[in-house]
Structure formats: structure tokens, C-alpha cells
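So the structure is just underneath, and the comments pick up after that.
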Protein chains: 2
Amino acid sequence: MRENLTRVIEDYLKTIYDLTASGERASTNQIAERMDVTPASVTNMIQKLAETQPPLLDYRKHRGVKLTPEGEKVALEIIRHHRLLEMFLHQTLGYSWDEVHEEADRLEHVISEEMEERIAASLGNPQYDPHGDPIPTRDLHLPESDEISLSQLRPPQEARVKRVRDSDPDLLRYLSEMGIEPASHLAILEYSPFDNNIKVQIEGKSSPVVLGPRVTNQVFVEVIS
Amino acid sequence: MRENLTRVIEDYLKTIYDLTASGERASTNQIAERMDVTPASVTNMIQKLAETQPPLLDYRKHRGVKLTPEGEKVALEIIRHHRLLEMFLHQTLGYSWDEVHEEADRLEHVISEEMEERIAASLGNPQYDPHGDPIPTRDLHLPESDEISLSQLRPPQEARVKRVRDSDPDLLRYLSEMGIEPASHLAILEYSPFDNNIKVQIEGKSSPVVLGPRVTNQVFVEVIS
DNA sequence: ATTTATTTTTGAATTAGGCTAAAAATCCTG
DNA sequence: CAGGATTTTTAGCCTAATTCAAAAATAAAT
């Protein structure tokens with residue numbers, strides 16, 4: 001349906017999808033920072049994307065943007081590419097989970113629907129990528145999920161890791177060293193106010209570790225009742 | 001060494017590599033036709049590429065271009081990507097040999113050296129792609145080869161297929177239907193002058209077929225002495 | 001409710017790549 | 001070797017995406 005979209009446009013839509021996941025509109029500055037361009041560039045582009053027929057963005061001057069259904073469809077298509085590629089690079093080419101993001105970011109814009117389907121089939125239509133992010137289905141649906149951030153847990157709660165933010169390779173290496181990855185089981189032992197540290201016992205490890213908010217904000221879990 | 005090259009530049013260099021394989025310089029018009037742009041665009045670009053430091057092209061006004069050693073290095077790097085990708089898509093994702101070219105043409109510009117190496121390793125460092133084209137080695141060497149076009153054979157010569165031009169999917173489907181692919185054994189039964197047809201017995205087939213020059217010019221063989 | 005600070009938008013320029021139309025070289029033919 | 005045909009180059013313009021600097025809105029604070 002909607003063909004002649006450039007890589008750059010696809011990147012804008014993906015970024016806006018991400019920023020508006022909470023329900024809030026995305027501001028010009030937020031987008032500019034994420035994409036490492038100036039706010040002026042963003043204003044230009046979002047005005048353009050709001051004037052396509054049909055429009056990809058809902059833009060209100062000085063009020064930021066959100067995706068239209070059209071825009072969301074494009075974003076989800078790219079996100080499906082990205083997450084399938086991450087899984088494929090991990091499973092088929094032996095990439096570690098901290099290496100897949102950057103490669104997938106370039107490949108996601110150039111693979112055909114044919115390749116998307118072949119990758120999905122060869123992996124058995126996976127539902128999650130190596131970081132636990134859900135992969136949109138072929139018809140672009142995403143499962144609802146009620147994960148909460150690890151930073152919100154308090155002793156003596158227990159939880160299962162569902163998902164880890166994938167953007168920082170160093171953090172990912174640190175996490176896998178400690179044994180935190182999707183499906184890991186965690187028990188919260190202590191909470192320190194002010195610095196917001198929590199002490200956590202990780203399944204299979206002999207001694208607990210203390211994690212600060214720079215880490216716990218990036219890890220999402222399901223509480224075990 | 002040489003980083004900020006765009007996809008477009010990489011495509012120009014690849015095209016020029018191809019056109020100059022014979023030793024001749026590539027003309028502006030030839031390049032324009034292959035790349036489906038106007039000759040004016042080509043003049044612009046080749047002048048630019050001849051002025052980079054170090055230059056990627058040897059350009060002489062009205063005399064066409066050839067690659068400098070620098071330019072050739074870039075071209076071979078892309079060709080290595082392309083042919084490894086063709087093999088990978090074929091072997092790992094089950095693409096047929098007529099489908100791989102187009103996909104590889106887009107992927108070749110975006111894969112990292114890391115991915116190149118992982119693909120090569122996962123395939124066991126193949127030397128040829130599915131059409132029989134040699135894959136440049138990691139240090140960008142290509143084996144010399146003395147293939148000749150099938151159109152040059154005369155009865156009662158016999159030959160082994162080494163390589164098939166990969167640019168036309170319809171031709172490729174036609175060839176595989178007939179059992180012509182790298183390693184196929186052929187015996188030339190008849191030659192018709194004027195129309196340049198040859199009648200060929202293909203190994204494993206019950207009856208011979210007549211092939212015209214539109215086909216035989218695209219197939220390269222090694223004569224069996 | 002003004003002033004100040006922050007965010008967003010506007011306007012003018014830039015870079016990469018391409019196009020058209022016209023001018024200039026080279027090639028070909030008689 | 002002159003004149004026409006073909007090829008190549010030049011010159012000017014276009015679009016996509018960006019930047020910077022200045023202007024305009026919005027938000028925050030006294």
C-alpha cells in the first residue's frame with residue numbers, strides 16, 4: 001500500500017512509536033535527541049509526514065506528534081523486521097545479544113517481505129526477540145503485557161525477568177555476566193531508599209548483588225504472586 | 001581506511017568493475033545504461049570519484065574510466081558481500097538461485113564486516129556463489145579463470161558448466177528447468193551458423209535441446225579436453 | 001502578570017544525487 | 001577532410017534531508 005518511504009522516514013516513525021508507547025505525544029526535542037539531529041530537522045520532517053496522504057503523523061503545532069493508524073502500521077512493520085532480525089542473527093549466526101541491535105538497525109530497512117517471511121519460518125515464528133521484546137505478528141499485532149520495571153519491586157517480592165532494554169551493549173554484557181536475562185528468577189532481599197538500590201538474589205547464583213537504578217530501570221519483570 | 005562511501009558510490013564502483021573486467025575502459029553511456037540513470041548523472045559522479053583523495057577512478061575526459069587500485073578494493077569488498085549473501089540466502093534460507101540476486105543487491109551495502117565473516121564461516125568459506133561466480137577471499141583476491149562462453153563451442157566438444165550470468169531471473173529459471181547449472185556436463189551435438197544455435201546433450205537428460213545465443217552467451221564453461 | 005527561560009518553528013543555506021537542455025568533443029562516412 | 005551523427009560534458013534546476021541563526025510560542029517563576 002504505502003511504498004516509497006525512505007529509511008529516514010522509517011526511522012522517524014520507529015522512534016515516535018517508541019516515544020509514544022506510554023500514550024503521551026512525542027515532543028520535537030525528544031525526537032531530536034533520540035535521533036541525534038537538531039530540533040529544526042525534526043520540525044521539518046514531522047510537518048512533512050503529517051501532510052502525506054493519508055497522513056502518517058498527527059501533528060499539532062507546539063504540541064508534539066503521535067502516529068496515525070497508517071504511521072503505526074509502518075512502524076510495526078519495521079519493528080517486526082528489527083526483532084526478527086535480532087533473533088535470526090542470534091540463533092542462526094551466533095551473535096551475542098549485545099551485538100544484534102546495531103546490525104538489525106541497518107538491515108531492517110532493506111529486507112523484503114519475502115525475506116521477513118523466510119526468516120520467521122526458519123525460526124519457527126518466534127514471539128519474542130533475544131531481549132524479550134515481543135515480535136509483532138505478520139498482521140502486525142503485539143501482545144499486551146503488564147511488565148513493570150525491576151526498580152519498582154520491594155522486598156520480599158519475587159519476579160521473573162520478561163524483557164531488557166536493548167540499546168546499550170555494555171549494559172547487556174553486564175547483565176548476562178550476572179545471569180539476568182529473560183526468564184531469570186529474582187528475589188528482592190533489600191531496598192535502600194535515597195539511592196534506590198535493591199539487593200537481589202538471582203536464581204542459580206551463590207551470593208546476592210546490589211543493583212542501582214541505572215540498571216533496574218532497564219529491566220522489566222512480572223511479579224510472581 | 002575508506003569509510004564514508006554511500007550506497008550509490010558503491011554501486012557505481014561495482015558497475016564499473018564489471019564493465020572493465022575485459023580490460024577496456026568503461027564509457028559514460030555504458031555506465032548510465034547499466035545503472036539506469038542519465039549520462040549527465042554519470043559524468044557528475046565519475047568526476048567526483050576521480051577527485052577523491054586518493055582517487056577511486058582514473059577518469060580521462062571523453063575517454064571513460066577505470067578503477068584505481070583503491071576503487072577496485074572497494075568494488076571487490078562489495079562483490080564479496082554480494083556473493084556471500086547470495087550463497088547464504090540460498091543455503092540458509094532456501095532461496096532459489098533466481099531469487100538471490102535482487103535481495104543481495106540491497107543487503108550488500110549494509111552488512112558489517114562482522115556479519116560478512118560470520119556468514120563466510122557458517123558456510124565454510126565458500127569459493128563460489130550459486131551461479132558459479134567466484135567469491136573474493138577475505139583479502140580480496142579472485143581466482144583467475146579461463147572460462148569461455150558456451151556460444152563458442154562447436155561439435156563434438158564437451159564441457160562442464162562453470163558459471164551462469166545471474167542478472168535475469170527468468171533465464172535462471174529456464175536454465176534450471178533444463179538442468180543447466182554449475183557442474184552440469186554438456187556435449188555439443190550440432191552447430192547452426194547464421195542463427196548461432198547449438199544442439200546440446202545435457203547430462204542426465206534423455207533428449208538434446210537447441211539453444212540460441214540469447215542463452216548460450218550467458219553460460220560459461222570449461223572445455224573437457 | 002510580567003519577565004525570563006525553554007521549546008518549537010521559520011527561513012535561508014548546504015550536500016548528495018539526479019534530471020533536462022544545450023554546448024562541445026569525438027567518431028564515422030562519404 | 002568536411003559534415004552529420006553520436007557521445008560526453010556543462011550549466012542550471014530539483015528533491016530529500018540536514019544545519020544554523022533568528023523569531024515566535026509556550027512554560028515557569030518571581
Side-chain angles (χ1 to χ4, degrees), chain A residues 2-16 19-20 22 24-53 55-67 71 74-75 78 105-106 108-110, chain B residues 2-16 19-20 22 24-53 55-67 71 74-75 78 105-106 108-110:
Chain A
R2 189 148 259 304
E3 278 316 294
N4 14 345
L5 299 180
T6 67
R7 285 158 243 274
V8 175
I9 291 175
E10 290 176 350
D11 274 336
Y12 271 89
L13 295 175
K14 196 176 64 147
T15 301
I16 293 165
L19 290 170
T20 54
S22 60
E24 313 270 293
R25 301 174 73 88
S27 79
T28 301
N29 265 359
Q30 282 177 316
I31 299 168
E33 184 161 0
R34 282 281 184 110
M35 302 198 58
D36 205 32
V37 295
T38 63
S41 306
V42 174
T43 300
N44 260 336
M45 181 59 89
I46 63 185
Q47 286 176 346
K48 191 172 88 181
L49 297 183
E51 281 161 17
T52 61
Q53 210 44 257
L56 293 162
L57 294 181
D58 166 16
Y59 167 63
R60 298 223 296 283
K61 202 171 270 194
H62 293 104
R63 258 344 66 123
V65 292
K66 63 173 194 165
L67 297 172
V74 176
I78 301 298
D105 255 353
R106 278 172 289 113
E108 65 188 7
H109 304 291
V110 306
Chain B
R2 189 150 257 305
E3 279 316 293
N4 12 344
L5 299 180
T6 66
R7 283 159 245 271
V8 175
I9 291 175
E10 289 176 351
D11 275 335
Y12 271 89
L13 296 175
K14 197 175 63 145
T15 301
I16 293 165
L19 289 170
T20 55
S22 59
E24 312 271 292
R25 302 175 72 88
S27 79
T28 302
N29 265 0
Q30 282 178 316
I31 299 169
E33 185 161 1
R34 283 280 184 110
M35 302 198 57
D36 204 32
V37 295
T38 63
S41 304
V42 173
T43 300
N44 259 337
M45 181 58 89
I46 63 185
Q47 286 176 347
K48 192 172 90 182
L49 297 183
E51 280 161 17
T52 60
Q53 212 41 258
L56 292 162
L57 293 181
D58 167 17
Y59 167 62
R60 299 222 298 282
K61 200 172 271 194
H62 294 102
R63 280 297 103 101
V65 292
K66 62 173 196 166
L67 297 171
V74 176
I78 301 298
D105 255 352
R106 279 173 287 112
E108 65 187 7
H109 304 292
V110 306

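Sequence lines set the chain letters: A, B, ... in the order given, protein chains first and strands last, and positions in each chain run from 1.
With DNA chain C read from its 5' end, the first of the two nearest nucleotides for A:Asn44 and A:Gly64 is the one closest to A:Gly64. The residue among B:His62 and A:Ser41 whose nearest nucleotide of DNA chain D lies closer to the 5′ end is B:His62.
Extent of DNA chain C lying under 4.0 Å from chain B heavy atoms, first and last nucleotide in 5' to 3' order, is C:dA16 to C:dC27. Along DNA chain D, read 5' to 3', the first and last nucleotides having any atom under 4.0 Å from a heavy atom of chain A are D:dA16 to D:dA27.
How far OG1 of B:Thr28 is from CG of B:Asn44: 11.0 Å, rounded to the nearest 0.5 Å. If you take OG1 on B:Thr6 and NE2 on B:His109, they are separated by 9.0 Å, rounding to the nearest 0.5 Å. The distance from atom NZ of A:Lys66 to atom OG1 of A:Thr20, rounded to the nearest 0.5 Å, is 9.0 Å. Distance check, rounded to the nearest 0.5 Å: CG of A:Leu57 to CD1 of A:Ile16 gives 4.5 Å.
In this structure the side chain of B:Glu10 never reaches within 4.5 angstrom of the side chain of B:Glu108, judged on heavy atoms. The closest side-chain heavy-atom distance from B:Leu56 to B:Tyr12 is not below 4.5 Å.
In this structure, B:Thr28 reaches the sugar-phosphate backbone alone: every heavy-atom distance under 4.0 Å involves primed, P, OP1 or OP2 atoms, never a base. Residue B:Arg7 is out of contact with every strand shown, counting any heavy-atom pair closer than 4.0 Å.
Between B:Asp105 and B:Lys14, at least one side-chain N (NZ, or NE/NH1/NH2) sits under 4.0 Å from a carboxylate O, which counts as a salt bridge.
Under the salt bridge (Lys or Arg N to Asp or Glu O under 4.0 Å) criterion, the residue pairs touching residues 29-47 of chain A are A:Asp18-A:Arg34, with sequence neighbours excluded.
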